[in-house]
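Comments concern the structure below.
Computed from a prediction, not measured in an experiment: that's the story for all the values here. All ligand and atom numbering here is 1-based and tracks the order in the structure.
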Amino acid sequence: MSSPTPEQLQTFLDIATEAALAAGAVLQTYYGNLESIEEKGRPGDLLTAADKAAEAVILEILHRHFPNHAILAEESGQLGEQENKYLWAIDPLDGTTNFAHQYPFFSASIGLLIDGIPQVGAIFDPFHNELFRAAKGLGATRNRRTIKVSQTTELSKSLLVTGFAYDRRQTNDNNYAEFCHLTHLTQGVRRSGSASLDLAHVACGRLDGYWERGLSPWDITAGIVLVEEAGGKVTAYNGSPLQIKSGRILATNGLIHNSLSTELMQVHPLSDWGKHLTTNV
Ligand code: IPD
Ligand code: CA
Ligand code: CA
């Protein structure tokens, strides 16, 4: 397996950027102008004309530049053979629920796995005009300026973010207990509704850590590259190497990684919650 050269990675990043910006422009035209909103099956899992139109624009750009690469797109599924060395993982609209409610927190996320490893990522937040980019060994940027993860060393001083997958009503493994546990130990846990932006915000130091389950490769491939290239750490909950298909991710500034991993491994069931209060009111 040969590694891509920095020049190749730069080319991939530039095309990923072109696709993210083009998708973002499409999203802007639909924002506040949706005629109908469908549900994809699970309650709350929405699909809009914006998701489809933004995905079409991304696919056209990637097919034109890289006709031999495979693509895993949220709305179109797997395009091209699974064994391909190059697999683009794309989410045309990450934060569909926010978008549908005109809550301005969503993005287009374009990631590239090379030999199964996330190596290129471009995430564009069109509402705030923020473009996050990274490629393996080339660093991470926000609007073309280098970004770094935060310096927070203690969980008690950290601000975290997480999310709840669409299957949350069908499983007890729904992250509710983890959310309570970490809310109790930190300065706060946000639930923003866009996994790719959660990772981008860990990368630029606005947030100190992120965990979530039930994710797909298109939600996190680009963001993983951003966090790693900004000096952070990305693993499974228990600190072992990330298995992207597990859908479970822990991403931090590196400094709180072990503490957050330890806490995630010892979350009490929600039924025990009252026993862990330190003060009674
Ligand atoms: C969702 C968002 C959300 C996360 C969900 C994802 P979508 O993606 O990233 O933050 O909690 O698990 O499915 O449906 O808006 O593309
Ligand atoms: Ca998503
Ligand atoms: Ca999506």
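Using a 4.0 Å cut-off to heavy atoms of Ala195, the atoms of ligand 1 that qualify are 2 (C), 9 (O), 10 (O).
Side-chain contact between Val227 and Ile224: absent, with no pair of heavy atoms (C-beta onward) separated by less than 4.5 Å. Looking at Ser158 and Gln187, their side chains never come closer than 4.5 Å, going by heavy atoms from C-beta outward.
Considering backbone and side-chain atoms together, Arg191 places an N or O closer than 3.5 Å to an N or O of ligand 1.
The shortest separation from a heavy atom of Leu93 to ligand 1 is under 4.0 Å, placing the residue in contact. Look at Tyr166 and you'll find a heavy atom under 4.0 Å from some atom of ligand 1.
For the Ca ion (ligand 3), protein N, O or S atoms closer than 3.0 Å were enumerated as Glu74 OE1, Asp91 OD1, Leu93 O, with waters left out.
Put simply, the residue from Ile71, Asp115, Leu112, Leu113 that forms a side-chain contact (heavy atoms from CB on, under 4.5 Å) with Tyr86 is Leu112. Between Arg248 and the options Asn175, Asn238, Asp173, a side chain to side chain donor-acceptor pair (under 3.5 Å) holds for only Asp173.
With distances taken over non-hydrogen atoms, the option nearest atom 11 (O) of ligand 1 out of Glu74, Glu75, Arg168, Glu212 is Glu212.
Of all the heavy atoms of Ser194, the ones lying under 4.0 Å from any atom of ligand 1 belong exclusively to the backbone. Contact annotation for Asp94 and ligand 1: heavy atoms of both the backbone and the side chain come within less than 4.0 Å of the ligand.
Side-chain contact of Asp14 with Thr11: a donor-acceptor pair under 3.5 Å is absent, judged by distance alone. Between the side chains of Asp94 and Ser107, no donor-acceptor pair of N or O atoms lies under 3.5 Å. Between the side chains of Asn98 and Ser194, no donor-acceptor pair of N or O atoms lies under 3.5 Å. Between Tyr210 and Glu212, the side chains place a donor N or O and an acceptor N or O closer than 3.5 Å (distance only, hydrogens not considered).
Between Arg142 and Glu130 there is a salt bridge, since at least one side-chain N of the basic residue sits less than 4.0 Å from a carboxylate O of the acidic one.
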